[in-house]
Amino acid sequence: MTAAPIAVALDAPDLETAARWATLVTPHVSTVKVGLELYLRYGPDVVASVRGASRVQVFLDLKLHDIPATVRGAARAVARLKPSYLTVHAAGGPAMIRAAVEAAPATRIAAVTVLTSLSEADLTALGLAGPAPDAVRRLAVLAVEAGAQALVCSPQEAAAVRAEVGPGITLITPGVRPAGAANQDQARVATPEDALAAGADLLVIGRPITGAPDPGAAAAAIAAALRRV
């Protein structure tokens with residue numbers, strides 16, 4: 001049985017909890033995601049802890065956004081941890097994205113287009129020409145032209161982005177919530193089944209799995225539902 005195309009967001013309060021969640025979900029999912037808070041608290045050790053003895057892919061979600069030289073150095077520093085994915089902000093521009101790609105050749109650089117927490121009003125306030133799908137498509141094309149091998153967008157933009165960049169780019173969608181789950185701080189969401197149907201390759205799911213009484217069972221249930229799609 002192949003693991004489901006899910007990246008479980010290990011937004012845990014401590015390293016032990018993150019490692020326990022990872023152990024519970026890795027039989028069912030392809031990837032575990034380490035975010036900024038966990039990485040800043042525990043440093044590079046967190047990657048080895050959540051990887052454990054398994055072959056699970058590690059998605060290092062640091063959303064690097066700085067001048068190209070700084071991002072090149074940061075990407076080179078984490079490349080030795082062998083993450084499968086490393087995020088940068090597409091809004092950092094082509095030279096910055098290219099620097100990350102060159103510095104971490106064995107890692108897929110995933111460019112974050114527009115954060116799923118941002119609404120149309122937020123984009124207007126930020127001066128990003130919207131609506132959101134247009135802004136996402138522009139940033140997606142820019143990032144792919146700069147060498148990004150993956151893109152992060154909401155499930156609602158996945159189909160349009162896929163049509164724009166073609167089949168060779170990995171689409172990662174946060175804002176995935178099983179039917180009945182609370183949206184929390186995500187503004188643009190979809191169910192796992194709808195996200196896959198829209199063209200997503202990897203679904204980021206956090207609290208609906210890690211907040212369940214049995215995270216392993218929750219991951220298994222979502223994985224089984226996806227296999228029926």
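Predicted model, so just to flag it, every value in this text is computed and none were measured. Basis for what follows: all heavy atoms, side chains included, without hydrogens, waters or symmetry-related copies.
The backbone N or O of Pro13 sits nowhere less than 3.5 Å from a side-chain atom of Thr17 that would complete a donor-acceptor pair. In this structure, the side chain of Gln149 does not engage the main chain of Ala110 through any donor-acceptor pair within 3.5 Å. A donor-acceptor contact shorter than 3.5 Å links the side chain of Thr107 to the backbone of Pro83. Within the 3.5 Å criterion, the main-chain N or O of Ala103 finds no donor-acceptor partner in the side chain of Arg76.
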Self-check item: CA sep, side-chain torsions, deciding dist, call: Leu62, Tyr39, side chain to side chain contact (heavy atoms under 4.5 Å, CB included)
Solution: CA-CA 8 Å; Leu62 301 184; Tyr39 190 81; 3.8 Å; yes
Practice problem: Given side chain to side chain contact (heavy atoms under 4.5 Å, CB included), test Thr170 with Leu151 step by step and report yes or no. | Solution: CA-CA 6 Å; Thr170 301; Leu151 295 164; over 6 Å; no
Exercise. List the steps, then state whether side chain to side chain contact (heavy atoms under 4.5 Å, CB included) holds for Trp21 with Val50.
Key: CA-CA 8 Å; Trp21 286 347; Val50 302; over 6 Å; no
Practice problem: Applying side chain to side chain contact (heavy atoms under 4.5 Å, CB included), run through Tyr85 and Val58 and close with a yes or a no. | Solution: CA-CA 7 Å; Tyr85 300 95; Val58 175; over 6 Å; no
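In terms of hydrophobic clustering, with Ile, Leu, Val, Met, Phe, Trp and Tyr side chains grouped at heavy-atom distances under 4.5 Å, Val152 and Val141 are assigned to different clusters. The hydrophobic clustering, which links ILVMFWY residues whose side-chain heavy atoms are closer than 4.5 Å, places Tyr42 and Val8 together.
How far CD1 of Ile109 is from CZ of Arg98: 13.0 Å, rounded to the nearest 0.5 Å. Atom-to-atom distance recorded for Ile172:CD1 and Ser154:OG is 13.5 Å, nearest 0.5 angstrom. One distance of note links CG of Leu38 with CG of Leu10; it measures 7.0 Å at 0.5 Å rounding. Atoms CZ and CG, from Arg20 and Leu15 in turn, are 12.5 Å apart once rounded to the nearest 0.5 Å. Separation of atoms NE2 (His65) and OG1 (Thr70) is listed at 11.5 Å; rounding is to 0.5 Å. Taking CE from Met96 and CD1 from Ile67, the interatomic distance works out to 11.5 Å, rounded to the nearest 0.5 Å.
Of all non-hydrogen atoms in Ala4 and Leu226, the two that sit nearest each other are CB-CD1, 4.5 Å. Nearest heavy atom pair, residue Ala148 against residue Ala111, reads CB-CB, 4.1 Å. Considering all non-hydrogen atoms of both residues, Ala223 and Ile6 come closest at N-CD1, 4.4 Å.
At a threshold of 4.0 Å, the pair Glu102-Arg72 counts as salt-bridged, since one of the basic side-chain nitrogens sits closer than that to a carboxylate oxygen.
Side-chain contact check for Thr87 and Asp61: at least one donor-acceptor pair (N or O, by modelled atom type) lies under 3.5 Å. No donor-acceptor contact under 3.5 angstrom links the side chains of Ser84 and Arg108, judged on distance only.
At a threshold of 4.5 Å between non-hydrogen side-chain atoms, the residues Arg51 and Val47 count as touching.
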